[in-house]
Amino acid sequence: MAVGPTWKKQGHRELEDKAQRVLLSLLLQRAMSMVMKGQRDGEPSCSSLDCVQEAKQYTMWKLKFGEGASDPLLRSSNGFLGRETWEFDPNGGSPEEHAVVERLRRDFTRNRFTQRDKHEVSNLKDSSEVTEEVLLTSLRRVLDQYSSLQAPDGYWPGGYSGILFILPLMNEDGGWSTHTLGPSSMFGSCVNYATLRLLGEVLDEHNDGLSKGRAWILSHGSATVAPQWAKIYLSGTIQLFQNYGCFHIFFPFIQDDIIYPPSWFQNIAMASLHKFMEPLFNMWPMNKIRKRALTNLMDHIHYEDENSNYVGLCPINKVLNMVCCWIENPNSNAFRRHLPRIHDFLWLAEDGMKSKVYVGSQCWDTALIVQAYCSTGLTQEFSETIKKAHDFIKNAQVTKNCPNYKRYYRERSKGGVVVIKDSTNPSRRSNSRTKVNKDGTLSSAESKRTTPWVEFINPSESFRNIIVDYPYVECTSSLIQALILFKGVHPGYRREEIDRIIKNGVLFIEKKQKNDGSWYGSWAVCFTYATFFAIKGLVAAGRTFQNSLSIRKACNFLLSKQLSTGGWGEDYLGCQVEEYIDSGRPHVVHTAWGMLGLIYAGQVELDPAPLYRAAKELINMQLETGEFPQQEILGSFNSSLFFNYTNYRNLFPIWALGEFHRRLLAKRA
């Protein structure tokens with residue numbers, strides 16, 4: 001097969017006989033769920049000849065794993081574990097494959113304004129009662145299909161995207177959004193319009209898309225009202241603001257782009273920097289200080305590049321670092337090493353070639369998937385899959401600290417596991433092993449180093465709470481669970497310290513609970529997610545429905561939000577207003593989170609009826625392939641950006657149905 005993975009699995013689940021499903025599930029995972037009635041039925045997205053040619057191009061791409069050793073510009077300390085890149089094969093693809101890809105491309109183009117990252121579940125069958133046999137049949141179907149999608153390295157690849165200033169999809173009004181669920185914004189519109197011009201698009205009467213984009217930008221105030229990140233891109237890459245310098249970021253901006261409006265102090269500070277400090281530091285002898293500061297800045301950029309093998313934290317700083325290296329020396333080895341790493345961020349899908357939010361979430365997803373598999377009680381049947389996943393996580397462990405990490409404000413990382421895999425040196429700072437905060441909580445990328453009051457200097461108008469790495473309920477819950485599991489294996493190791501961390505972590509989670517019994521989710525949409533994590537952490541520490549008011553309040557919250565059909569569904573806007581917003585329709589992942597929260601709280605023993613209804617909802621939404629549909633994207637950070645964890649749609653329904661089945665067996669016994 002020319003598209004998708006080219007590997008085979010051994011044993012009773014040969015991938016060869018599922019090649020077509022791999023094509024549809026991996027390369028075009030969202031397109032299948034978008035084959036719906038569109039707003040312009042029968043209108044083709046391109047001419048027949050153009051469609052055939054573009055379909056051929058899609059089927060000429062192969063997804064490659066763990067490659068890079070033959071390129072002298074690439075380095076890796078773990079054999080490029082988890083690296084995934086697309087490779088073009090001019091001879092790839094059969095006529096049948098071309099036809100399938102062309103159809104899915106056309107359906108996506110026709111329906112992309114009416115079906116945004118969602119699959120409208122319709123014609124739900126009147127299923128019989130959910131029995132143990134029904135649960136096992138559903139689980140085996142999804143596990144069999146899902147295991148066939150496992151990469152040779154042991155993880156599950158996927159398109160980790162959804163942010164529109166790195167994924168260009170124009171809206172009907174001519175603008176571009178910041179993410180796939182939102183309206184057009186000046187942020188997304190300015191960056192994507194400038195990118196198209198750089199790529200050679202010409203503004204004339206034949207370019208309707210570019211004309212619409214320009215009209216939207218001008219009608220909403222022009223690029224001068226774009227938020228700070230957009231201005232950095234424009235000034236740093238195409239020099240639209242070359243006469244103003246980096247401090248020229250205090251223009252007003254449109255309401256849609258305001259997430260964290262600047263304070264009065266920031267407005268005064270930025271105006272002073274622009275009018276007084278910048279001219280001063282361009283004059284002798286102050287320009288010597290400026291030059292020294294810029295040299296120090298480049299030193300930190302090179303440090304980040306070297307320790308991430310030129311992948312960086314994400315495509316944002318990777319590209320900015322690469323531009324800085326080019327400005328410093330376009331013929332430098334540093335800039336040359338950046339170039340092949342661009343491919344690590346690219347992903348091919350029905351909406352074209354795009355950039356992922358990060359290079360992937362391989363370790364995070366795989367750790368959750370292993371828990372989901374283990375919950376089913378079918379580990380013997382899928383032992384090969386679980387073993388490969390275990391080996392991947394083990395091989396991804398960080399084996400050394402970054403050199404001079406304290407000097408560059410890094411944390412100790414040796415012994416941890418990189419959550420967001422960079423496929424290279426696993427000692428990079430972001431999302432590696434971090435120090436526990438003094439109060440027993442856990443932040444995301446580093447320990448909490450300062451107090452929230454410094455947020456008043458937050459220079460970003462698009463994101464809030466980015467100066468301090470705050471402790472999070474989800475992270476702290478995971479910490480509690482990990483330490484308790486560790487205690488079971490090594491009960492005497494640093495016992496007092498571990499017990500203190502667990503105790504303080506539990507108190508933090510209980511303190512963060514809202515009056516309605518929920519918890520706010522910082523890393524996904526939104527309250528069902530955090531409530532599931534909070535309950536699981538509290539239960540691991542010994543809290544139960546009988547002895548914990550927090551658990552009882554959480555159960556009441558989840559039950560109060562269950563839809564009449566049995567599922568749960570939240571709207572992403574709840575992340576921004578910090579209140580639960582019911583979407584009015586079931587979502588497979590929200591339903592799974594709601595189920596898991598209730599299951600771990602003891603609902604099976606109290607009254608399993610709500611769980612039977614939820615399980616029936618999930619089973620009725622299961623696709624013919626055995627997988628579950630891709631609906632609205634769920635990943636979130638900084639309460640303002642939303643992206644897609646492609647594995648969530650399968651792993652969490654597996655986990656919920658598996659845990660429900662296991663608890664039913666235990667109750668019967």
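These numbers were taken from a predicted model, which means no experiment stands behind them.
The only option from Trp364, Trp156, Tyr155, Phe65 that meets the ring pair (Phe, Tyr, Trp, His ring centres under 6.0 Å) definition with Phe392 turns out to be Tyr155. For the side chain to side chain contact (heavy atoms under 4.5 Å, CB included) criterion with Ile480, the lone passing option out of Asn504, Val506, Leu485 is Val506. Tested against Ser550 for a side-chain hydrogen bond (donor to acceptor under 3.5 Å, both in side chains), the candidates Lys511, Gln513, Lys512 yield a single pass: Gln513.
Residues Met322 and Arg337 are not in side-chain contact: their nearest non-hydrogen atoms beyond the backbone lie 4.5 Å or more apart. A heavy-atom distance below 4.5 Å is found between the side chains of Leu313 and Tyr358. Ile502 places none of its side-chain heavy atoms less than 4.5 Å from the side chain of Leu479. For the pair Arg75/Glu306, a side-chain contact is recorded, criterion being any heavy-atom separation below 4.5 Å from C-beta on. Side-chain atoms of Lys514 and Phe527, non-hydrogen and from C-beta on, do get closer than 4.5 Å to each other. In this structure, Tyr648 and Leu368 have side chains that are in contact, with non-hydrogen atoms separated by less than 4.5 Å. Here the side chains of Gln630 and Val588 are not in contact, with every heavy-atom distance at 4.5 Å or above. With a 4.5 Å cut-off on side-chain heavy atoms, Arg341 and Leu74 count as touching.
Ion pairing between a basic and an acidic side chain is recognised when a charged N comes within 4.0 Å of a carboxylate O; Glu632 and Arg649 show no such pairing. A salt bridge links Asp344 with Arg83; the closest basic N to acidic carboxylate O contact falls under 4.0 Å. Using a 4.0 Å cut-off between charged side-chain N and carboxylate O, Lys356 and Glu84 make a salt bridge. Note on Glu381 versus Arg140: salt bridge recorded, some NZ/NE/NH1/NH2 to OD/OE distance being below 4.0 Å. For Glu446 and Arg412, the salt-bridge test fails: no basic side-chain N is under 4.0 Å from an acidic carboxylate O. In summary, Glu384 and Lys388 do not engage in a salt bridge, as defined by a charged side-chain N under 4.0 Å from a carboxylate O.
With hydrogens and angles disregarded, a donor-acceptor distance shorter than 3.5 Å links the side chain of Gln631 to the backbone of Pro586. Remark: the backbone N or O of Gly82 is paired with a side-chain donor or acceptor of Gln362 at under 3.5 angstrom. Counting only distance, with no hydrogens or angles, the side chain of Asn647 and the backbone of Asp365 share no donor-acceptor pair below 3.5 Å. Of the possible polar contacts, one joining the Asn650 side chain to the Phe628 backbone as a donor-acceptor pair under 3.5 Å is found. With His343 contributing its side chain and Trp86 its backbone, the two residues share no donor-acceptor pair below 3.5 Å. Side-chain atoms of Arg663 come within 3.5 Å of backbone N or O of Ile599 as a donor-acceptor pair. At distances below 3.5 Å, at least one donor-acceptor pair connects side-chain atoms of Thr376 with backbone N or O atoms of Tyr373. Side chain of His590 to backbone of Val525: a donor-acceptor contact under 3.5 angstrom is found. The backbone N or O of Cys526 sits nowhere less than 3.5 Å from a side-chain atom of Tyr572 that would complete a donor-acceptor pair. Side-chain atoms of Thr591 do not come within 3.5 Å of backbone N or O of Ala614 as any donor-acceptor pair.
Listed by chain and residue number, Arg543 satisfy the salt bridge (Lys or Arg N to Asp or Glu O under 4.0 Å) test with Glu510 (two or more places apart in sequence, or in another chain). Applying the side chain to side chain donor-acceptor pair (under 3.5 Å) test to Lys503 and every residue at least two apart in sequence or in another chain returns nothing. Looking at residues two or more places apart in sequence or on another chain, you find a ring pair (Phe, Tyr, Trp, His ring centres under 6.0 Å) between Phe486 and His490, Tyr493. By the side chain to side chain donor-acceptor pair (under 3.5 Å) test, Glu578 is found to be paired with Arg464, residues two or more places apart in sequence or in another chain being considered. Residues satisfying the ring pair (Phe, Tyr, Trp, His ring centres under 6.0 Å) test with Tyr580, not counting sequence neighbours, are Phe557. Taking Glu474 as the reference, nothing meets the side chain to side chain donor-acceptor pair (under 3.5 Å) condition, with sequence neighbours excluded. Under the side chain to side chain donor-acceptor pair (under 3.5 Å) criterion, Tyr472 pairs with no residue at all, not counting sequence neighbours. Contacts of Trp655 classified as ring pair (Phe, Tyr, Trp, His ring centres under 6.0 Å), with partners at least two apart in sequence or in another chain: Phe532, Phe652. Every residue two or more places apart in sequence or in another chain that forms a side-chain contact (heavy atoms from CB on, under 4.5 Å) with Thr441 is listed here: Asn437, Asp439, Pro471, Thr476, Phe508. Under the side-chain contact (heavy atoms from CB on, under 4.5 Å) criterion, Ile466 pairs with Asn458, Ser460, Phe463, Asn638, not counting sequence neighbours. Residues passing the salt bridge (Lys or Arg N to Asp or Glu O under 4.0 Å) test with Arg500, sequence neighbours excluded: none. Legend: residues meeting ring pair (Phe, Tyr, Trp, His ring centres under 6.0 Å) with Phe643, ordered by chain and number and at least two apart, are Tyr160, Phe637, Tyr645.
Between Cys402 and Tyr303, the shortest heavy-atom contact is CB-OH, 3.1 Å. In plain terms, the two heavy atoms of Leu149 and Pro157 that are nearest each other are O-CD, 3.6 Å. A pairwise comparison of heavy atoms in Met595 and Leu611 identifies O-CD2, 3.8 Å as the closest pair. The shortest non-hydrogen separation linking Leu651 to Ala372 is O-CB, 3.4 Å. Between Cys575 and Ser636, the shortest heavy-atom contact is SG-OG, 4.1 Å. Ile551 and Ala601 make their closest contact through CG2-CB, 3.8 Å (heavy atoms, listed as atom of the first residue, atom of the second, distance).
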Test side-chain contact (heavy atoms from CB on, under 4.5 Å) applied to Lys318 and Val311, step by step: CA-CA 6 Å; Lys318 189 267 189 302; Val311 172; 5.8 Å; no
Evaluate the criterion side chain to side chain donor-acceptor pair (under 3.5 Å) for residue pair Tyr470 and Glu455; output intermediate values, then yes/no. CA-CA 11 Å; Tyr470 297 93; Glu455 289 288 354; 2.9 Å; yes
Take Ser477 and Gln481 through the side chain to side chain donor-acceptor pair (under 3.5 Å) test and state the conclusion after the steps. CA-CA 6 Å; Ser477 170; Gln481 296 171 54; 2.9 Å; yes
Mind running side-chain contact (heavy atoms from CB on, under 4.5 Å) on Met621 and Leu618 for me, showing each step along the way? CA-CA 5 Å; Met621 287 194 284; Leu618 283 180; 4.2 Å; yes
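Under the 30°/60° scheme for interplanar angles, the aromatic rings of His338 and Tyr310 are found to stand perpendicular.
The closest side-chain donor-acceptor pair between Asn644 and Thr646, if any, does not fall under 3.5 angstrom. Glu67 and Thr85 share no donor-acceptor pair across their side chains, judged by distance under 3.5 Å alone.
Rounding to the nearest 0.5 Å places CZ of Phe382 at 13.0 Å from OH of Tyr146.
Counting non-hydrogen atoms of neighbouring residues, nucleotides and ligands closer than 6.0 angstrom, the CD atom of Glu579 reaches no more than 12 such neighbours.
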